[in-house]
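Here the structure is laid out as structure tokens; the discussion comes afterwards.
Proteins get letters first, then strands, A, B, ... in listed order; numbering begins at 1 in each. Computed over heavy atoms, backbone and side chain alike; hydrogens, waters and symmetry mates excluded.
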Protein chains: 2
Amino acid sequence: MLAKIKSARDALRKSEQKVADVILADPDGSVQSSIQSIATKASVSEPTVIRFCRALDCVGFQQFKLRLAQDLASRGTFFYRDVTTDDTSKELATKLIDGAIASMVQMRNQLNYESLEHAINFFENCDRIEFYGSGGSGIVAEDAQLKFFRLGKPAIAYADPHIQHASAALLDNKSLIVAISHSGRSKDILETVKIAKQSRAKVITVTATKSPLAEIGDVNFSVDVDEDSDIFSPVKSRLAQMIVLDILAVGIAVKGGEEMLQQLARARRAIDFKFV
Amino acid sequence: MLAKIKSARDALRKSEQKVADVILADPDGSVQSSIQSIATKASVSEPTVIRFCRALDCVGFQQFKLRLAQDLASRGTFFYRDVTTDDTSKELATKLIDGAIASMVQMRNQLNYESLEHAINFFENCDRIEFYGSGGSGIVAEDAQLKFFRLGKPAIAYADPHIQHASAALLDNKSLIVAISHSGRSKDILETVKIAKQSRAKVITVTATKSPLAEIGDVNFSVDVDEDSDIFSPVKSRLAQMIVLDILAVGIAVKGGEEMLQQLARARRAIDFKFV
DNA sequence: ATTAGCTCGTAATAAAGTTACAACACTCTT
DNA sequence: AAGAGTGTTGTAACTTTATTACGAGCTAAT
């Protein structure tokens, strides 16, 4: 949630940003405050605070506070510390794994189940599904393809923006696309999604809250991860994205009932001869 | 907090016990309810609910809810249960995420730090690095390539067994390969590694303990994950493999000191223009 | 049986959260 | 540069939620 606020901050309105700043400055204090006291601290009106909460996908202030509280609580269990140059390899490994766990816990608390239901519906009503992502997110897209093509509908992943554009132009209203992006601000993927929408395809996004990409999709799964600490391409958000897509795939499979589960088992056995 | 309620239950007044029962029966639901709905469910009056909260050392209902919420969020037992066909989407998501967390925790406990030191050494003494994996592990190999090629040495990933064989044949004793496999029993990857060893390349494996692949490598990172529950391609081991390689990459970067960290920052900035 | 003491609910009150709307500010035209 | 139109923010009314005060009902001891 804190990560969510951070990543959404710039997309917020001016006075809502003041609210964000007040909360980021003292999250622990904020969970115990009323709307009034937060509004005063931020020198804005109370409705602004509510609008701020709504902007973060909460139905109201109470829900916001609750989520924030849960976020803070789970943060404590796997305390995340930055890697430093004089860590032993053990410290380093522990830190990185704890960071990954912390982001999973946050994921668990913030995942939007309505989006999940919607997304499952989209899948059931589509003829084919395409995954778009570039760079690190391209990896996630490929991973998703591997999962989804076993579900009985054509599934494909494209990492190359040119091919994405070309493919998006050929979609129709029975197509479903999943656009994956860490920042949600990559020009390429935004362009791809615009083309896909013109083709009247349904669009699921897996990206940061309030990012341009999240705004133009039909359904968004928010993946907000505190990234300052990632030296490389963002691993933690990679992991989070992958688990979101796994949840979606399993959700679809489970809804498909016994029949689909058996189909999956068949797909699995098909590669058995490859092993010693 | 839940434990507190349980142990305090018998000491409470009769109607307060009803409140306790309602909350214990559905803690997750309760944190989102108002006093009114809880009072109704327990067939008691609203003040009784408040008295119940006071009995548990809370100043009011809000504080009680907050504490309960934090308690639920941090209950650290990521007890893994199998997904069933009649899970709600929330249960499903929670189960899958808990499973992923559990495998991370396991990873943290079993990671071999000596292997890590060895692997870092290999990297420092090599001219180039190649990642081999097929199917799901091919994804991990690509992800690793993305990370490693920023470290200043040629890095490449191959998923196609034929190309792996060809490439492995062209290695020399200044080459390092990383073989990734979930089972460690895939004929293709075993063959690839044998060829690479004939070329006198160093071999790091990321695979299951005691598997044939683990046996023939120079250094192995054990990734053993309980997979019965994975309907699809094994997500959990995918995540575990990725984090292992991330640890390795960060370990190398950190050992490279300030200079290498700055080089990484440059690599990151190089793609900035791609964004809105 | 009566009263002290405790438990619990009703009804009033206060506080917090939410909505509707109007005023203001900021573009983008013309 | 004026004005239409859009978007942002605050005011004030309103609703919901939490809390308090008080008294009725029950239990048990005299």
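Atom CD of B/Glu16 is separated from atom C1' of C/dC8 by 10 Å (rounded to the nearest Å). Between the P atom of D/dT16 and the CD atom of A/Glu46 lies a distance of 18 Å, rounded to the nearest Å. Taking atom CD1 of residue A/Ile35 and atom P of nucleotide C/dT19, one finds them 10 Å apart after rounding to whole Å. For A/Phe61 and D/dT15, the CZ to C1' distance is 17 Å, given to the nearest whole Å. B/Gln62 places its CD atom 10 Å from the P atom of C/dA16, with the value rounded to the nearest Å. Going from atom CD1 of B/Ile50 over to atom P of C/dT10 covers 15 Å, rounded to whole Å. In this structure, A/Lys65 atom NZ and C/dT18 atom P are separated by 10 Å, rounded to whole Å. With rounding to whole Å, B/Phe64 atom CZ is found 17 Å from D/dT19 atom C1'.
For A/Ser134 and A/Asp188, the side-chain atoms include no donor-acceptor pair closer than 3.5 Å.
B/Lys147 places no side-chain N or O within donor-acceptor distance of the main-chain N or O of B/Val250, the cut-off being under 3.5 Å.
One distance of note links CD1 of B/Ile101 with CE of A/Met104; it measures 7.5 Å at 0.5 Å rounding. Put simply, SG on A/Cys126 and CD1 on A/Ile177 are 11.5 Å apart, with the number rounded to the nearest 0.5 Å. Note that CG of A/Leu2 is 9.0 Å distant from OG of A/Ser30, once rounded to the nearest 0.5 Å.
Relative to the side chain of A/Ser15, the nucleotides D/dT9, C/dT19, D/dT19 differ in distance, and D/dT9 lies closest. For B/Arg51, the listed nucleotide lying nearest its side chain is C/dC8; candidates were C/dC8, D/dT8, C/dG17. Counting only heavy atoms from C-beta on, B/Gln36 has its side chain closest to D/dT17 among D/dT17, C/dT18, D/dG10. Which of C/dG17, D/dA18, C/dT19 sits closest to the side chain of A/Arg54 comes down to C/dT19.
The only member of A/Lys18, A/Arg13, A/Lys14 that meets side-chain hydrogen bond (donor to acceptor under 3.5 Å, both in side chains) when paired with A/Glu16 is A/Arg13.
Under the 4.5 Å side-chain criterion, counting only non-hydrogen atoms from C-beta, B/Phe61 is in contact with B/Ile38.
Using five terminal pairs a side, the axes of the helix from C/dA1-D/dT30 to C/dT30-D/dA1 at its two ends make an angle of 0°, given in steps of 10 degrees.
The 5' end of DNA chain D is approached more closely, in terms of each residue's nearest nucleotide, by B/Pro47 than by the other of B/Lys14 and B/Pro47.
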